[in-house]
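Single-structure report; data block below.
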Amino acid sequence: MLSSALRTPIVAAAHGRRAASSIALKYSNALYSAALAKSPQVLSKVQTELSTISKSIAETPELNTFISNPTLSAKDRVTGLASLYAKAEGPKKEPVSDVTKNLFAVLSENGRLNETQNVIQGFNELVAKYKGELEVTVTSAAPLPKDAAAKLETVLRQSQAAQHAKTLKVVNKVNPSLMGGIVVDFGDKSIDLSVSSRVNKLNNVLQESI
């Protein structure tokens, strides 16, 4: 199902981030449908495997280079995929699901391995929706203190979106370039309360005044 939906190469659109998101979402949807069609257990297994792969890519420079290099030969791609699957197997060496292998085979064939992290993110959002989970990502310039994180979570639980979800998961990501404040992302919504955003707005106003 996954391979038939995505075996045809996709032509890149002209707009950077939006095009990448559109492409990744197509793979995410096909992956989600293929995994759930087998069983909820397979869906959970695929999510676990992808979580391990995503973390390995972030922590292993060689794997990050592998998925970012579109000029690799077929032989090198096979070797790189074997390394990814080895990471996904974990210490218990559990066989990687056919759904996960099929995903990376198609990404490799279509020259879209560089979309891996975006595909995984989109897949996780679909699984969270299926399970009735709401994941809120709070990005801050430095890790949030425990008391601040607790207060923020309390406020978020009172939101309309959280009240419609079975569970709420708050993830704190760090981005020093924000300078201060926070950016809250959930679903297709984003609330930018960062200092850098305010500085950018001020710069825009100043430039328009000159």
Side-chain angles (χ1 to χ4, degrees), residues 1-12 17 19-131 133 135 137 139 143 167 169-175 185:
M1 182 176 180
L2 177 64
S3 57
S4 61
L6 296 172
R7 189 64 66 182
T8 303
I10 301 171
V11 179
R17 292 182 64 182
S21 297
S22 174
I23 291 169
L25 185 58
K26 184 171 183 177
Y27 288 100
S28 299
N29 281 320
L31 174 64
Y32 170 77
S33 298
L36 186 58
K38 288 185 175 294
S39 72
Q41 291 74 24
V42 171
L43 184 69
S44 295
K45 178 174 174 56
V46 170
Q47 186 177 34
T48 299
E49 292 169 348
L50 294 183
S51 176
T52 301
I53 288 174
S54 178
K55 184 178 180 181
S56 298
I57 291 173
E59 297 177 349
T60 311
E62 293 81 6
L63 290 180
N64 188 43
T65 299
F66 163 65
I67 68 165
S68 303
N69 188 351
T71 65
L72 292 176
S73 66
K75 182 179 179 180
D76 288 337
R77 291 201 303 272
V78 169
T79 301
L81 289 179
S83 298
L84 277 181
Y85 300 151
K87 292 291 185 180
E89 288 175 353
K92 294 183 179 180
K93 299 298 179 182
E94 296 184 3
V96 178
S97 65
D98 291 338
V99 175
T100 295
K101 286 186 176 181
N102 198 13
L103 166 69
F104 284 99
V106 175
L107 287 174
S108 177
E109 182 177 318
N110 288 354
R112 295 296 182 188
L113 283 171
N114 62 323
E115 291 286 350
T116 294
Q117 297 288 38
N118 292 329
V119 172
I120 294 175
Q121 180 180 345
F123 173 77
N124 284 336
E125 290 173 358
L126 291 169
V127 175
K129 185 176 181 180
Y130 167 75
K131 294 181 177 179
E133 299 172 348
E135 180 172 309
T137 301
T139 306
T167 58
K169 180 182 179 182
V170 180
V171 179
N172 182 205
K173 293 185 177 181
V174 176
N175 182 358
D185 293 295

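Partners of Asn114 by side chain to side chain donor-acceptor pair (under 3.5 Å), not counting sequence neighbours: none found. By the side chain to side chain donor-acceptor pair (under 3.5 Å) test, Asn172 pairs with Ser140, sequence neighbours left out. Under the rule for a side chain to side chain contact (heavy atoms under 4.5 Å, CB included), the partners of Lys173 that lie at least two apart in sequence or sit in another chain are Thr137, Thr139, Val171. By the side chain to side chain donor-acceptor pair (under 3.5 Å) test, Glu59 is found to be paired with no residue, residues two or more places apart in sequence or in another chain being considered. With sequence neighbours left out, the side chain to side chain contact (heavy atoms under 4.5 Å, CB included) criterion links Val174 to Pro143, Pro176.
Taking NZ of Lys26 as the reference point, atom CD of Glu115 lies at 12.5 Å (rounded to 0.5 Å). Taking CG of Leu72 as the reference point, atom CG of Leu113 lies at 8.5 Å (rounded to 0.5 Å). Note that OG of Ser28 and CD of Gln121 are 8.5 Å apart. Values are rounded to the nearest 0.5 Å. For the atom pair Phe104 CZ and Arg112 CZ, the distance stands at 15.5 Å (nearest 0.5 Å).
Just one of Leu31, Leu43, Val46, Leu36 meets the side-chain contact (heavy atoms from CB on, under 4.5 Å) condition when paired with Val127; it is Leu43.
Contact check for Val106 versus Tyr27: side-chain heavy atoms found under the 4.5 Å cut-off. With contacts defined as side-chain heavy-atom distances shorter than 4.5 Å, the pair Ile120/Thr116 qualifies.
Dense packing is recorded around CG of Asn175, with more than 12 heavy atoms of other residues, nucleotides or ligands lying under 6.0 Å away.
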Without placing hydrogens or testing angles, list every side-chain donor-acceptor pair under 3.5 Å for residues 84-92, not counting sequence neighbours.
residue: Tyr85; atom: OH; partner: Lys101; partner atom: O; Å: 3.3

Could you tabulate the donor-acceptor pairs under 3.5 Å formed by side-chain atoms of residues 47-56, not counting sequence neighbours?
residue: Gln47; atom: OE1; partner: Lys131; partner atom: NZ; Å: 3.4
residue: Gln47; atom: NE2; partner: Asn124; partner atom: OD1; Å: 3.3
residue: Thr48; atom: OG1; partner: Ser44; partner atom: O; Å: 3.0
residue: Glu49; atom: OE1; partner: Ser97; partner atom: OG; Å: 2.8
residue: Glu49; atom: OE1; partner: Thr100; partner atom: OG1; Å: 2.5
residue: Glu49; atom: OE2; partner: Lys45; partner atom: NZ; Å: 3.1
residue: Glu49; atom: OE2; partner: Ser97; partner atom: N; Å: 2.9
residue: Thr52; atom: OG1; partner: Thr48; partner atom: O; Å: 3.1
residue: Ser54; atom: OG; partner: Gln117; partner atom: OE1; Å: 2.7
residue: Ser56; atom: OG; partner: Thr52; partner atom: O; Å: 2.8

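Judged as a side chain to side chain donor-acceptor pair (under 3.5 Å), the pairs with a partner in residues 67-80 (not counting sequence neighbours) are, in order, Asn69-Thr71, Ser73-Asp76, Arg77-Ser108.
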